[in-house]
There are 2 protein chains.
Amino acid sequence: MAPNTADQIIDETIRNSGLRVTRQRRAIYRVLSDAEDHPDAPEVHKRAQASDLKVSLATTYRTLAELADKGVVTRLTLEGEPTRFETSDAPHHDHIIDLESGEVVEFLSPEIEELQRQVARQHGYEIVFHRLQLYCRKKT
Amino acid sequence: MAPNTADQIIDETIRNSGLRVTRQRRAIYRVLSDAEDHPDAPEVHKRAQASDLKVSLATTYRTLAELADKGVVTRLTLEGEPTRFETSDAPHHDHIIDLESGEVVEFLSPEIEELQRQVARQHGYEIVFHRLQLYCRKKT
DNA sequence: TTAACTGCAAAGGGTTTGCAAGACG
DNA sequence: CGTCTTGCAAACCCTTTGCAGTTAA
């Protein structure tokens, strides 16, 4: 029977990735699940603290790295700032970064994705993953 | 009268960016000028040493940062590795990263560029700069 | 001459790791 | 219970910085 509550889904996600389910990992993954934005590791740590449990910063880094390696979480590496994280459950998307506010907007462009595949193919490659970031300012 | 030797062009480039021309900066910029690949700062330092002159690592970092801020040099920020550098004199291009060998291949796609502009516009933005990286493996 | 630049060595910031104690399965 | 995980603190790596001496213009 399929899991039905958010918590069950979280546990399942962690377990399916081959890791033991611990309170710390649950708390960390939930932070990303709930996040509207794209927090970095210290920020995830801070939010995880806000729950009942005490999670160390080391465990936060370790867990984020593990989950990212398992593909359950995605690293967002921006120019000149610490790595941010997001869950991988949303469909694939890329990012617009507002240079003034730092806000990050997600977008999806199947046309660009297709052209990327073509470009890669022309060079004898196939894409494993890609990063597309548009550093923008609000149009006047 | 326009500069005619490679060395004169290098000096001109540095001077035009508003910086004094020093032997260190000349050596550092020349390393990037000559590079076929995309070296990081310690590698640029190592190559600059290979010339006559002794350049410190601190100066290498400082110079690369200055030249990047002036737009003469471009930072290449890849996933999980130190920042690499390239001169900005080549026309704009994006990068394919070979995950096996670490090799970086440059490519150009006006179609993708145009689609990017459209996407940004749809979200009320205009692009200041962008990064597109295709992490690939050789097609079998 | 004098403001800009360099080298050195020490500091910094983000991230990782060794180890002993604790918890999941 | 055995193994995986955690917390702590120390270590790490890449990069930046303060300062005294040097150099381009």
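Chain A is the first sequence line, chain B the second, and so forth, proteins listed ahead of strands; every chain is numbered from 1.
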**Study point:** Carboxylate-amine/guanidinium contact B:Arg47 B:Glu43, below 4.0 Å
**Key:** yes

Study note, to complete from the structure: Scanning both residues in full, the closest heavy-atom pair of A:Leu57 with A:Pro42 reads CD1-CA, 4.1 Å

Exercise for review: Sequence neighbours left out, what passes side-chain contact (heavy atoms from CB on, under 4.5 Å) with A:Leu108? Give chain and number order.
Suggested key: A:His93

Review point. Considering only heavy atoms, which members of residues 32-46 of chain B lie under 4.0 Å from some atom of DNA chain C?
Key: none

Check your understanding: Separation of B:Leu78 atom CG from D:dC14 atom C1', in whole Å?
Key -> 15 Å

**Study point:** Distance below 4.0 Å between A:Tyr61 side-chain N/O and C:dT15 OP1 or OP2
**Key:** yes

Practice item. Figure out the NZ/C1' separation between B:Lys70 and C:dA4, and round it to whole Å. Key: 12 Å

Check your understanding: Between the axis at one end of the helix from C:dG12-D:dC14 to C:dG25-D:dC1 and the axis at the other (five pairs apiece), what's the angle to 10 degrees?
Key -> 30°

Review point. Transitively linked via ILVMFWY side-chain contacts under 4.5 Å: B:Ile10 with B:Val72?
Key: yes

**Study point:** Counterpart residues, ring pair (Phe, Tyr, Trp, His ring centres under 6.0 Å), relative to B:Phe107 (two or more places apart)
**Key:** none

Revision key, fill the gap. Protein-proximity profile, nucleotides 1-7 of chain D, B/S/- by nucleotide at the 4.0 Å heavy-atom cutoff, equals -BBBSBB

**Study point:** Check ion pair A:Asp11-A:Arg25 (N to O, under 4.0 angstrom)
**Key:** no

Study note, to complete from the structure: Residue pairs passing the side-chain hydrogen bond (donor to acceptor under 3.5 Å, both in side chains) test with at least one member in residues 13-22 of chain B, sequence neighbours excluded, are none

Practice item. Considering just the side-chain nitrogens and oxygens of B:Arg15, establish if one lies under 4.0 Å of OP1 or OP2 belonging to D:dA24. Key: no

Exercise for review: Look at the side chain of A:Gln24 and the backbone N and O of A:Thr60, then say whether any donor-acceptor pair between them is shorter than 3.5 Å.
Suggested key: no

Point to revise | Backbone N/O of A:Val55 and side chain of A:His45: donor-acceptor pair under 3.5 Å | key: yes

Exercise for review: Go through the side-chain N and O atoms of A:Thr87 and A:Ser33 and say whether any donor and acceptor fall under 3.5 Å apart.
Suggested key: no

